[in-house]
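In what follows, every chain begins at residue 1, and chains take the letters A, B, ... in the order their sequences are listed. Computed from heavy atoms alone, side chains included, the values below leave out hydrogens, waters and symmetry copies.
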Amino acid sequence: MDSAAAPRPIIDVRKVAKHFGSFHALRDVSATFHEGQVTAIVGPSGSGKSTFLRTLNRLEAHDSGEIVIDGMTLDDDVRNLAAIRREVGMVFQSFNLFSHLTILRNVTLAPIRVRRMSREAAEARAMALLERVGLKSQAAKYPVQLSGGQQQRVAIARALAMDPKVLLFDEPTSALDPEMVNEVLAVMRELAHSGITMLVVTHEMGFAREVADRILFFDEGAILEDTSPANFFSNPAHERARAFLSQVRHGY
Amino acid sequence: MFAAMIGLLVVLWGMAIPLSAVPAPIGPAAEQFADGARVTVSLTLISGSAGVLIGVLAGLGKLSPLRLLRWFCDGYVWLIRGTPLLLQILFVWLALPTIMPEGVELSDFACAAIALSLNVGAYNTECVRAGILAVPAGQVEAARALGLTPLQTFLDVVLPQSMRVALPALANNLASLVKDSSLAYAISVVELTMVGYRVQAESYQPIPVFITIAVIYLILTTAFTTLTAALEAQLDVGQRR
Ligand SMILES: Nc1ncnc2c1ncn2[C@@H]1O[C@H](COP(=O)(O)OP(=O)(O)OP(=O)(O)O)[C@@H](O)[C@H]1O
Ligand SMILES: [Mg+2]
């Protein structure tokens with residue numbers, strides 16, 4: 001697609017397979033992601049989207065194949081893993097904020113512990129990030145005191161506090177009440193234009209179509225389509241993708 | 001929290017004054033009662049703290065991926081919970097000195113403290129394990145994804161939250177420990193019950209003596225319960241009720 005100033009590849013996935021017992025969750029998945037690219041990952045439930053995302057920061061270990069992130073191979077080497085987790089942030093469907101810490105401490109914990117930032121520097125940065133997601137006034141509260149949409153925006157700020165090169169989103173709006181979906185999508189849209197590399201598993205087809213540079217369609221543990229949003233939505237190549245799209249369009 | 005702690009200290013160190021005003025056989029033995037209460041509280045605090053540490057370590061051990069460690073912790077809890085405390089105290093007192101290296105002397109108090117720590121530690125293990133399991137797995141994943149090491153994840157995310165869950169049960173065990181420490185009298189530690197036994201043996205008046213002992217125990221257990229309740233309230237942040 002983009003041929004002029006070819007952006008640097010930041011994630012390289014080669015023939016990655018993953019089993020859960022006898023179940024084949026990923027079947028020789030290969031893909032390269034470039035710096036600044038926003039990729040939407042879609043597909044039916046159980047097709048391996050979450051598993052794929054989770055192998056990229058080793059919340060799941062892959063069985064075979066190779067994953068290289070920013071030049072570092074993801075394997076059992078703890079030093080590589082630590083370095084990779086500093087570069088790759090993740091936002092979960094269920095927010096997973098630390099419920100015993102204030103919003104501010106949620107955001108500063110990792111920079112202080114992992115990046116060895118001073119508390120003052122970490123807090124200053126956290127406040128700036130909370131302002132960016134529109135939650136500066138909530139810094140002293142605890143997660144339970146916030147709405148789902150606010151919690152997810154905090155989770156995004158928490159991931160950004162580590163200054164990652166890549167952000168992984170696993171259905172960031174699926175657990176939200178409909179009226180809160182947009183406030184989170186707005187933050188993600190702003191991020192997408194900031195140049196950070198994003199991989200977003202989502203059921204929000206509108207968001208995928210409008211914001212993503214690229215669509216991956218997963219089916220039964222494999223990437224069935226890897227194309228542009230325009231192409232995918234107007235002219236899907238596979239019957240499975242057509243069936244998926246019509247199902248999504250007509251509600252669940 | 002501080003009020004409860006200071007209250008406990010005042011009770012312990014000021015106790016002899018009102019007691020000495022009570023008629024015989026209590027008044028003349030006021031200092032003995034106060035000393036006995038201090039020994040009881042020291043035993044409780046020392047064994048209670050060591051017991052929490054043991055409970056955390058063994059609770060973690062029970063959840064470890066290492067099968068041998070899991071078996072060891074299971075065996076420890078099974079052994080302690082399946083045998084009488086008195087037997088454990090006697091065992092430590094009689095058997096430990098024979099396996100100690102030359103020159104190391106264990107006082108009776110130390111033997112009692114070791115036995116009580118091991119005992120309450122086993123009961124704490126189950127509470128801590130339940131507390132750890134109650135921490136949402138998603139938060140552990142979030143910590144790992146942020147790059148925290150397993151130790152940092154445990155100390156910063158899992159431990160504080162599991163303690164919040166485990167605290168009522170741990171407090172319960174601590175209150176029991178105040179009473180269980182009375183069994184140390186069997187190996188001649190001069191704690192509160194032993195004092196009562198001696199004073200009534202000298203005065204031939206068991207009823208007022210044991211009523212006094214009972215009241216002191218009640219004051220101590222109440223103080224410990226208040227203390228842990230205050231601690232609970234302090235940790236009770238960010239929790240859905
Ligand atoms: N830890 C696990 N143990 C066993 N099976 C698992 C595990 N995690 C995922 N699976 C299975 O792997 C398959 C792929 O799961 P995955 O969560 O990646 O799907 P998904 O595409 O994210 O689906 P959804 O849209 O429902 O989130 C599913 O059939 C799931 O049951
Ligand atoms: Mg999923």
Do you know which of [options] has the most heavy-atom pairs with chain B at a distance under 4.5 angstrom?
{"options": "A:N96, A:L97, A:I84", "result": "A:N96"}
{"options": "A:R86, A:Q93, A:R158, A:M90", "result": "A:R158"}
{"options": "A:Q145, A:R85, A:M162", "result": "A:R85"}

TODO: Under 4.5 Å, heavy atom to heavy atom: which of residues 58-79 of chain A reach chain B? Give them by number, or say none.
DONE: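 When heavy atoms of chain B are the reference, residues 58-79 of chain A contributes A:R58, A:L59 within the under-4.5 Å range.
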
Side chain, backbone, both or neither: which part of [X] has a non-hydrogen atom closer than 4.5 Å to chain B?
{"X": "A:R113", "answer": "both"}
{"X": "A:L168", "answer": "neither"}
{"X": "A:V91", "answer": "neither"}
{"X": "A:F98", "answer": "both"}

Open item on the list: Let's go through A:R54 and B:E141 carefully: what are the C-alpha distance in whole Å and the side-chain angles of both, what is the deciding distance for side-chain contact (heavy atoms from CB on, under 4.5 Å) to 0.1 Å, and is it a yes or a no?
Closed with: CA-CA 10 Å; A:R54 291 160 59 83; B:E141 286 197 338; 2.6 Å; yes

Task: Shortest non-hydrogen contact from B:A142 toward A:F92 - done: CA-CE1, 3.6 Å

Open item on the list: For a 4.5 angstrom cut-off between non-hydrogen side-chain atoms, does A:V114 reach B:L146?
Closed with: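 Contact flag for A:V114/B:L146 side chains = no.
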
TODO: Count the heavy atoms of every other residue, nucleotide or ligand shown that sit under 6.0 Å from OH of B:Y185, and state whether that count exceeds 12.
DONE: no

Task: Over 12 non-hydrogen atoms of neighbours within 6.0 angstrom of CG in B:L68 - done: no

Open item on the list: Main chain of B:V158, side chain of A:H100: is a donor-acceptor contact present, judged purely on distance under 3.5 Å?
Closed with: no

Open item on the list: Let me confirm one number: the CD-CG distance from B:Q152 to A:L109, rounded to the nearest 0.5 Å.
Closed with: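 If we round to the nearest 0.5 Å, B:Q152:CD and A:L109:CG are 8.0 Å apart.
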
TODO: Please collect all side chain to side chain donor-acceptor pair (under 3.5 Å) contacts where either partner lies in residues 115-134 of chain A, sequence neighbours excluded, each pair once.
DONE: A:R132-A:E190

Open item on the list: What part of B:Q139 gets within 4.5 angstrom of chain A, counting heavy atoms only: side chain, backbone, both, or neither?
Closed with: both

Task: Most chain A-contacting option - heavy-atom pairs closer than 4.5 Å, from B:A143, B:G138, B:P136 - done: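 Most heavy-atom pairs under 4.5 Å with chain A: B:G138.
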
